[in-house]
J.: 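Structure below; questions to follow.
Indexing begins at 1, ligand by ligand and atom by atom, following the structure's order.
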Amino acid sequence: MEGGGVQVSTWRWVVWVTVMVGNAGGELLLNIGGIFPIHGSDGWQGGQACQPAAMLAMHDVNNRPDLLPGYKLNLAWNDSLCEPGLGAAVMYDLLYNPPTKLMLLGGCSTVCTTIGEAAKMWNLVVLSYGSSSPALSDRQRFPTFFRTHPSATVHNPTRIRVMQKYNWSRVAIIQQAEEVFISTVEDLEVRCKDAGIEIVTRQSFLTDPTDAVRNLKRQDARIIVGLFYVNAARRVLCEIYKNTLYGKSYVWFFIGWYEDNWFENPLQEENLNCTREEMRQAAEGHMTTEALMWNKDNEKTISGMTAGDFRLRLNQALIEKGYENQSNPVGYQEAPLAYDAIWSVALALNKTMERLAAVNKSIEEFTYTNKEIAAELYKAMNATQFLGVSGRVAFSTDGDRIAWTQIEQMIDGRYHKLGYFDVQTDNLTWFNREQWIGGKVPQDRTIVRRQLRTVSLGLFISMCTISSVGAVWALLLLIFTFVHRQRRLIQLSHPACNNITLVGIMLCLGSIFLLGLDGQFVSQQQFPTVCGLRAWCLSLGFTLAYGAMFSKIWRVHRLTTKTKIENKRVEPWKLYVMVGSFVVVDVIVLSVWQAVDPLQRTLEVFPLEKPKDAVEDIKIKPELEHCESRHNTIWLGLLYGYKGLLLIFGLFLAYETRSIKLKQINDSRLVGMSIYNVVVLCLITAPVTLVISTQQDASFAFVSLAIIFCCFLSMALVFVPKIVEIVRHPGERVESSGETAPSKEEEERYQKLLHENEDMQRLIAEKEEKIRLLKLKLQERAAVRSREQASENHVIDPSHHTRLRQVSTDPQKDTLPLLTADIELYYGSGRPAVRIVTPDASSAADDAMVPRINFDISESYL
Ligand code: ABU
């Protein structure tokens, strides 16, 4: 193979003469410099095919008698390896070595960026056959730069057109960190934004694309634009295979100027960890966009050849150079551009010569400081237009080639043309040859289906049915209380409080219906209203139901802990004030909450889930509606704190009065039990629902059952015994004339009667005791009289006149005054006898309060 050497020192000049004059035919030489990227491991080695194409053009141009008459075009060239540093060295060698070069020819964007920027210092026009960087269109930076190679930006409208065709509006970009690709991506981003296409991620890499490709996978990229030189493209493709970023769910857009089998060779040399088969697999289905570089019409071009003729000649030239397969040399695609570039140079020089001749000047006068001839060369190049083997050659004001683009797809390992796009007319010619793996156009994203987690219908209906039964039952109990309002049993249970409890229970049961009203029943706009209703209903329901029971148990506690009668009196209105106060606090908190920071509909989003039917590219995004304010914790803390205190205090009161049974409130113990039940369930329910709040069914079921259990049990505890009692004794006497509770006067009278009754009973007991003692005394007196009658004939011996001490058999009676009496001992009827000689014996006996009196008579007296 012939070509440039790797070392700068190995220049192989294709020089027919080294001065501007003289050749075999005696014609003058017009020298131009050429820089071809042929060897090297990175970048674009398009010089492999472009240099032979340029030489074909040189031959054709120099054989045209009507072109550059009297002159021959001479190309001095060398290899840049597509390295900017080496490219600059080649340029300096060309410029600092005679002969003077009239123009420079360059390829590879990185090299052309260097020489294009520097060439203006030598007043040199640079024409590139192989540089696509959009940055080169900057006329300030590259004022003398032209190219037959279209700017890479021409791909972008084409890509966007194809994306729009398939409704892809979410794309990702991966690029090699080179200016050519960076500026292309910048242009693509602007165009995508204008077209409403989202760029989900932009990944960039210097040499190793491993992380960049992985990031694409992470971002769920499906439509991916890849911008890199072919060596990097192979590394990317290998990573694509490893990350399974290929197949029916992915579409890759690659640059179309790689050689046809770019993904198969050379894998070993580049130490790629993928086999040819794996690379083929990963490459299948990808799309390419490329500016048309071969004239697609079979018309004769400026050289007299058709594009087909040129292909044959080029192939022959490449075979002569040692390339067995025409697709092997890099730059085969761009070869027509190199061919037409030489023609452009020749035509521009030709025109310049004519113009200079008109002012009696010659192109031979050109030096690197001659701005006048340089300007003529620039103008001539700018105006160049012809039909070349690459199509119509013309330059825009930016020096860019205006061209069509073609879209290809790799089907079964081979590129197939899908269509053409003319950016100027926005015309897409489409052949409908595209093929998709799986027969379906890939989607640009995983379709995320939002799924609102709602309470299951069965559960909702069940809970609503139970709560409705409860509400009806509460209503019946209200009616029952009203019907039997005159019964003492009802009156002494404080029916007004019971009625308030029942109203609260109905509200609580109604809140179950509101708790189950979610997105399946109400719209997003209505949801905040439902949130507010839930809070009001449940809060007021609890306050009424629990507050009424609390006030009852508080009354019981008051009655049993105060000693004075006055303090024991709890006015019924005080209970209503207590319940009313609880309600007022609720209303104030709820109103301020609603006004300042109302409850809103918030969505809790859960990680994506696979659908049950496992449809590809579809993921379920579960969402759960919540009612929340901005400062939710503060408001809930306020309500929970206040109600929690009520619960704890109620629990304390219920415990304190657990064994009290009062006539005034006949169902206090049952109310206490009901309070235990409410407190325990609230203490369990509140934390548990916080934990399971993400499971709508469990959460709804738990809260509903807790409410239902509380309500039903409270109704059962407070009302069932009353119902049973009234059913058992249906004909009990009516105690009151219509009022359901005793009045204050009646209460006072009742208390007074109670005490009078107690006093009377004590008096009766004292009188009865007195009567008993009197009976005893009468018995004793009767005994004494009978003894007196019996001893009427006996003499009293004064020597035996003695004094007796009274001794009581009851130690408690020792404190009574001693009964003293003078008695006489005498013998009557042959045996000793005793006679009371106290003058006022009867009065002494009257005073005696001791039931039994024993007389202790000393032996000595007997
Ligand atoms: N078509 C080849 C372009 C090469 C480059 O812009 O560097």
J.: For ligand 1, what are the residues with a heavy-atom contact below 4.0 Å?
T.: Trp44, Cys108, Ser109, Gly130, Ser131, Ser132, His149, Tyr229, Trp257, Glu334

J.: Once you measure the plane-to-plane angle for Tyr368 and Phe366, does it fall in the parallel (<30°), tilted (30-60°) or perpendicular (>60°) bin?
T.: perpendicular

J.: What pairs of residues pass the side-chain hydrogen bond (donor to acceptor under 3.5 Å, both in side chains) test when at least one of them lies in residues 102-124, not counting sequence neighbours?
T.: Glu117-Arg141

J.: Quick check on side-chain hydrogen bond (donor to acceptor under 3.5 Å, both in side chains): which of Asp340, Asn295, Thr148 does Ser390 satisfy it with?
T.: Asp340

J.: List the residues meeting disulfide bond (SG atoms under 2.5 Å apart) with Cys50, not counting sequence neighbours, and say none if there are none.
T.: none

J.: Are any non-hydrogen side-chain atoms of Met163 and Val225 less than 4.5 angstrom apart?
T.: yes

J.: Partners of Ser303 by side-chain hydrogen bond (donor to acceptor under 3.5 Å, both in side chains), sequence neighbours excluded?
T.: Thr301, Tyr339

